[in-house]
Amino acid sequence: MYEKLIDEAMEAKENAYAPYSKFRVGAALLDKNYKVYRGCNVENVSYGATCCAERVAIFKAISQGERGFLAIAVVSDSQEMTFPCGICRQVMLEFKIPKVIVGNGNGEYKEFTIEDLIPHGFDKISGV
Ligand code: THU
């Protein structure tokens, strides 16, 4: 069902800028109108300035005014499934991306809900 989104993430990975880790990551975010926003990781010599593929895709969509999302796919070249980092999970929670499709370099994938990946997440400032 998510083969096409995984393919888009694979193509996004080709643009990865990862000269330091050599770990190329691609993401593809599906919005409610079935438009796809692609992202790749963009590293920096000052490592902390690096941005993950998922956040590049999400911030692209948000900056273009989109707010409703269906799913995001993430892949790398690894034989193992590439799970989003904690910061990206928090950003997915913020924008209520309900499904996260986690893939490997062979095109195999598994589906998770955002609640699977960030249970009991911080999603509101309570008591203020
Ligand atoms: N990376 C991502 O793009 N997404 C993740 O969810 C995990 C990590 C990138 C950041 C860095 O460029 C490289 O993978 C190694 O950590």
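Computed from a prediction, not measured in an experiment: that's the story for all the values here. Atoms within a ligand are numbered from 1 in the order they appear, just like the ligands themselves.
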Item to check | Inter-residue atom distance Ile114.CD1 - Gln90.CD, 0.5 Å rounding | outcome: 9.0 Å
Checklist entry - Which atoms from ligand 1 have a heavy atom of Phe83 less than 4.0 Å away? => result 6 (O)
Next on the checklist: Which of the numbered atoms in ligand 1 are under 4.0 angstrom from any heavy atom belonging to Pro84?
Outcome noted: 6 (O)
Next on the checklist: Below 3.5 Å, N or O to N or O, backbone or side chain included: is there any such pair between Glu54 and ligand 1?
Outcome noted: yes
Next on the checklist: Tell me the protein heavy atom at minimum distance from atom 9 (C) of ligand 1, and give that distance in Å.
Outcome noted: Asn41 ND2, 3.6 Å
Checklist entry - Any non-hydrogen protein atom below 4.0 Å of atom 1 (N) of ligand 1? => result yes
Checklist entry - Could you go step by step and tell me if Val102 and Tyr109 meet the side chain to side chain contact (heavy atoms under 4.5 Å, CB included) rule? => result CA-CA 5 Å; Val102 173; Tyr109 65 85; over 6 Å; no
Next on the checklist: Rounded to the nearest 0.5 Å, what separates atom OG1 in Thr82 from atom NZ in Lys13?
Outcome noted: 9.5 Å
Checklist entry - If you group Ile, Leu, Val, Met, Phe, Trp and Tyr by side-chain heavy-atom gaps below 4.5 Å, do Leu30 and Met1 land in one group? => result yes
Checklist entry - Based purely on interatomic distance, does Ala53 place a nitrogen or oxygen under 3.5 Å from a nitrogen or oxygen of ligand 1? => result yes
Checklist entry - Identify the closest protein heavy atom to atom 11 (C) of ligand 1: which residue and atom is it, and at what distance? => result Glu43 OE2, 3.3 Å
Checklist entry - Quick one: does ligand 1 sit under 4.0 Å from the side chain of Tyr20, the backbone, both or neither, non-hydrogen atoms only? => result neither
Checklist entry - Looking only at heavy atoms, is any part of Cys52 under 4.0 Å from ligand 1, and if so is it the side chain, the backbone, or both, or is it neither? => result both
Checklist entry - Closest non-hydrogen protein atom to atom 14 (O) of ligand 1, residue and atom name please, with distance? => result Phe23 CD2, 3.4 Å
Checklist entry - Which protein non-hydrogen atom lies closest to atom 15 (C) of ligand 1, naming both residue and atom, and how far is it? => result Ser21 OG, 3.7 Å
Next on the checklist: Closer than 4.0 angstrom, basic N to acidic O: yes or no for Arg89 and Glu54?
Outcome noted: no
Checklist entry - Are Glu66 and Lys60 close enough, and set up right, to give a salt bridge (charged side-chain N to carboxylate O under 4.0 Å, His left out), and what steps lead you there? => result CA-CA 9 Å; Glu66 186 54 58; Lys60 257 167 97 171; over 6 Å; no
Next on the checklist: Quick check: is Tyr2 connected to Ile58 through a chain of hydrophobic side chains (ILVMFWY, heavy atoms under 4.5 Å apart)?
Outcome noted: no
Checklist outcome for this item: Taken to the nearest 0.5 Å, the spacing of Phe69 CZ from Asn33 CG works out to 10.5 Å
